[in-house]
Amino acid sequence: MKSDVVKKGVERAPHRSLFKAMGYTDEEIRRPLIGVVNSRNEIVPGHIHLDRIAEAVKAGIRMAGGTPVEFGSIGICDGIAMGHVGMKYSLASRELIADSCEAMGLAHSFDGMVFIPNCDKIVPGMLMAAARINVPSVVISGGPMLSLKRKGVQLDLNSVFEAVGAYKAGRMTEEELCEYEDHACPGCGSCSGMFTANSMNCLTEVLGMGLPGNGTIPAVYAERIRLAKQAGMKVMELVEKGIRPSDILTEKAFENALAVDMALGCSTNSVLHLPAIANEAGIKINLDIINEISAKVPNLCRLAPAGPHHVQDLYMAGGVQAVMKELSKKGLLHLDLITVTGKTVRENIRDAEVTDPTVIRSVDDPYSPTGGIAVLRGNIAKDGAVVKRSAVADEMLVHRGPARVFDSEDDAIKAIYGGQIRPGDVVVIRYEGPKGGPGMREMLGPTSAIAGMGLDTTVALITDGRFSGASRGASIGHVSPEAMEGGLIAAVRDGDIISIDIPAGKLNVEVPDEELERRMAEWQPPKPRITTGYLGRYARLVTSASTGAVLK
């Protein structure tokens with residue numbers, strides 16, 4: 001066993017004495033030691049209940065003959081961090097999570113590991129760590145929050161963000177806003193739409209690192225506890241068989257994840273996280289493959305914010321495995337890949353079925369013959385930009401309008417709420433990329449303000465920052481190279497005409513090349529906003545969004 005290095009032989013008597021100081025018995029020490037990474041805390045609704053998940057995981061490990069060893073991980077709530085300096089830490093925390101899990105896992109020589117995340121950066125951070133540590137591992141999330149219907153409206157967190165815009169525009173009373181506030185998030189779990197957390201939990205299942213049901217079983221269902229016990233038992237089987245993340249996280253597994261990403265219409269943040277996870281597995285994902293896969297994979301689901309359904313509806317309709325079963329009918333998935341079930345994808349989906357075709361459409365009757373995410377390129381996005389195509393109104397798939405340029409998210413929000421944005425405008429927010437932010441803030445504030453004020457079918461937004469998975473409309477993020485690194489988005493000026501053609505994958509400013517070169521010759525990078533502490537170090541080390549914003 002790998003853990004023998006910390007517990008076996010006369011020389012390890014001091015080590016065993018430390019285990020015994022914590023109450024471990026000789027029998028427990030002799031068994032395989034399984035690290036249980038629990039990101040439970042009291043600031044993230046998706047994590048508030050993870051103590052119950054961890055207890056179930058540990059029960060499963062003990063039932064299967066192992067000894068669980070629990071330790072903690074940080075987790076940031078993107079919703080609470082949204083719209084202020086706190087959001088600069090969100091993406092950056094992904095690297096802290098991966099590094100701390102690596103440190104704990106390798107320092108203590110665990111034989112296997114179970115990772116318990118639930119929300120946005122915690123899921124990819126733990127998957128990165130699993131690939132890096134490379135001992136038999138299972139990921140078990142805390143599950144999605146429920147969405148409740150209130151006066152005929154199915155509510156979620158995004159409903160409240162958009163309600164603020166509606167209130168500012170005089171389209172909603174303060175009492176109505178308060179009612180949304182009181183009922184949109186009814187309890188524990190990751191926010192209920194196909195936002196980033198649920199996107200990554202579903203894709204964990206597709207990658208083969210989570211058991212079937214990981215992405216969709218609601219947080220409050222007893223089935224989630226049973227799944228956690230199964231995860232604990234399953235990691236022991238993986239230890240026995242020697243199945244490691246490197247056996248599961250193959251190039252074909254990432255192609256499967258991108259295919260299901262397109263079918264589900266996941267958050268654009270998946271385009272940041274999948275390359276980062278792949279990087280840890282020694283695999284390179286080029287953004288161009290996203291359009292290649294999107295061109296042949298149909299969009300089968302329209303979950304919030306792209307449509308009326310929520311993750312609980314996807315669960316009831318057959319879940320992620322049913323979506324995969326549909327895609328397999330057209331040969332769109334690699335089926336002979338091993339997963340943490342110990343079985344192949346083909347075996348996992350054999351009995352899956354769609355039980356509600358209004359939630360998961362047939363592969364022969366999709367919402368769109370192409371996928372839910374598109375990568376755009378052009379003179380202001382030479383290395384690419386990303387849009388959640390499935391959440392864009394048809395009339396905004398092709399758009400041409402004057403730029404309204406802002407050098408921070410805060411300035412843009414003031415202008416939007418101040419009524420300074422007109423139909424037809426293209427809001428440009430720059431210096432919010434990985435280096436420029438620093439930290440590449442999510443911008444649910446501006447997009448929900450635009451939507452709440454009724455401008456989402458007439459106004460586009462582009463940025464070198466990123467968007468929440470809850471964002472909808474023509475919200476184009478991850479523009480690379482970013483402004484802080486001298487990307488041509490830094491040359492855009494108020495009034496320049498921006499041309500957007502999502503079906504053709506084009507994003508350009510209609511300014512002659514010579515003029516853009518002249519502007520950039522005069523350009524000087526602004527003084528970094530933060531130079532000290534973790535964010536200062538992060539800004540100096542982080543790479544482009546087009547490469548997953550990993551650290552170099």
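Everything quoted here is computed from the prediction, not taken from an experiment. For the single chain, residues carry numbers from 1 onward in sequence order.
- The two atoms that bring E510 and S499 nearest to each other are OE2-CB, 3.5 Å, heavy atoms only.
- Shortest non-hydrogen contact noted between G165 and M453 is O-CG, 3.4 Å.
- Side-chain N or O atoms of K88 include one that pairs as donor or acceptor with a backbone N or O of G437 at under 3.5 Å.
- When all heavy atoms are compared, the tightest approach of N214 to I140 is OD1-CA, 3.4 Å.
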Original post:
So R132 and D99, side chain to side chain contact (heavy atoms under 4.5 Å, CB included) or not? Walk me through it.
Top reply: CA-CA 9 Å; R132 198 183 294 175; D99 289 351; 2.8 Å; yes
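- Here CD1 of I289 is found 4.0 Å from CD1 of I293. Values are rounded to the nearest 0.5 Å.
- For the pair M209 and S137, the minimum side-chain heavy-atom distance is below 4.5 Å.
- In terms of modelled atom types and a separation under 3.5 Å, the side chain of D464 and the main chain of A483 share a donor-acceptor contact.
- The backbone N or O of C191 sits less than 3.5 Å from a side-chain atom of N198, completing a donor-acceptor pair.
- Side chains of V44 and L50 form no contact here, defined as non-hydrogen atoms less than 4.5 Å apart.
- Without hydrogens or angle criteria, R472 side chain to A391 main chain gives no donor-acceptor distance under 3.5 Å.
- Side-chain contact of T547 with T543: a donor-acceptor pair under 3.5 Å is present, judged by distance alone.
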**OP:** Check the pair H273 / R94 against side chain to side chain donor-acceptor pair (under 3.5 Å), numbers first and verdict last.
**Re:** CA-CA 9 Å; H273 299 319; R94 185 187 71 184; 3.1 Å; yes
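- One distance of note links SG of C301 with CE of M194; it measures 7.0 Å at 0.5 Å rounding.
- In this structure, the side chains of I500 and K506 stay at 4.5 Å or more apart for every pair of heavy atoms.
- In this structure, P144 and Q312 have side chains that are not in contact, with every pair of non-hydrogen atoms separated by 4.5 Å or more.
- Screening V37, V138, V36, V139 against M113 for a side-chain contact (heavy atoms from CB on, under 4.5 Å) leaves a single residue, V37.
- Looking at N134, its side chain never comes within 3.5 Å of a backbone N or O of A131 through a donor-acceptor pair.
- Paired with P446 under the rule side-chain contact (heavy atoms from CB on, under 4.5 Å), one option of I429, I421, V427 passes, and it is I429.
- Under a cut-off of 6.0 angstrom, the local environment of CZ in R518 is crowded, with over 12 non-hydrogen atoms contributed by other residues, nucleotides or ligands.
- The two residues K435 and A539 have their closest heavy-atom pair at NZ-O, 2.9 Å.
- L333 has its side chain within reach of M324: a pair of non-hydrogen atoms, C-beta onward, lies under 4.5 Å apart.
- Taking CZ of R537 as the start and CG of L551 as the end, the distance is 10.5 Å to the nearest 0.5 Å.
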Subject >> Step-by-step salt bridge (Lys or Arg N to Asp or Glu O under 4.0 Å) determination, K121 to E95 >> reply: CA-CA 9 Å; K121 302 318 151 310; E95 316 308 314; over 6 Å; no
**OP:** Test L461 against T447 for side chain to side chain contact (heavy atoms under 4.5 Å, CB included), laying out the working first.
**Re:** CA-CA 8 Å; L461 196 157; T447 58; 4.3 Å; yes
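- Checking side-chain atoms of R377 against main-chain N and O of K382 turns up a donor-acceptor pair under 3.5 Å.
- Between the CG atom in L96 and the OG atom in S73 there is a gap of 9.0 Å [rounded to 0.5 Å].
- Checked by atom type and distance alone, the side chain of T458 never pairs as donor or acceptor with a backbone atom of P423 at under 3.5 Å.
- When atom types are taken as modelled, the side chain of S39 and the backbone of I74 share no donor-acceptor pair closer than 3.5 angstrom.
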**OP:** Please step through salt bridge (Lys or Arg N to Asp or Glu O under 4.0 Å) for the pair E251 and K284, ending with a clear verdict.
**Re:** CA-CA 8 Å; E251 187 172 351; K284 182 177 177 58; over 6 Å; no
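- Two residues are said to be in side-chain contact when any heavy atoms from C-beta on lie closer than 4.5 Å; V392 and V387 meet this criterion.
- For Y534, the OH atom is densely surrounded, since the number of other residues' heavy atoms within 6.0 Å is greater than 12.
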**OP:** In sequence, state the C-alpha distance, the side-chain angles, and the governing distance for F195 and D156, and then conclude on side chain to side chain contact (heavy atoms under 4.5 Å, CB included).
**Re:** CA-CA 10 Å; F195 310 149; D156 56 49; 3.9 Å; yes
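- When each of E522, E515, E517 is checked for a salt bridge (Lys or Arg N to Asp or Glu O under 4.0 Å) with R519, only E515 meets the rule.
- Proximity of V297 to T370: side-chain heavy atoms (C-beta onward) are nowhere separated by under 4.5 Å.
- With N269 as reference, T196 is the one residue of T196, D78, D120 to meet the side chain to side chain donor-acceptor pair (under 3.5 Å) rule.
- Between atom OG1 of residue T463 and atom CD of residue E442 there is a gap of 12.0 Å, rounded to the nearest 0.5 Å.
- S270 and S199 form no side-chain donor-acceptor contact under 3.5 Å, judged by distance and modelled atom types alone.
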Subject >> Verdict with supporting geometry, I122 and F115, side chain to side chain contact (heavy atoms under 4.5 Å, CB included) >> reply: CA-CA 10 Å; I122 300 90; F115 296 86; over 6 Å; no
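- Residues K388 and S267 come closest through the heavy atom pair NZ-N, 4.0 Å.
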**OP:** Verify salt bridge (Lys or Arg N to Asp or Glu O under 4.0 Å) between D410 and R441, making sure each step is shown before the conclusion.
**Re:** CA-CA 11 Å; D410 311 88; R441 287 194 285 183; 2.9 Å; yes
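- Of the possible donor and acceptor atoms, one in the side chain of S93 sits under 3.5 Å from a partner among the backbone N and O of S90.
- Closest of all the heavy-atom pairs between V398 and D501 is CG2-OD1, 3.7 Å.
- Counting only N and O atoms by type, the side chains of N158 and E162 include a donor and acceptor under 3.5 Å apart.
- To the nearest 0.5 Å, atoms CD1 (I489) and CD1 (I462) are separated by 5.0 Å.
- A donor-acceptor pair under 3.5 Å is absent between the side-chain atoms of K552 and the main chain of L541, judged by distance alone.
- Put simply, the side chain of M520 reaches to within 4.5 Å of the side chain of L488, judged on heavy atoms.
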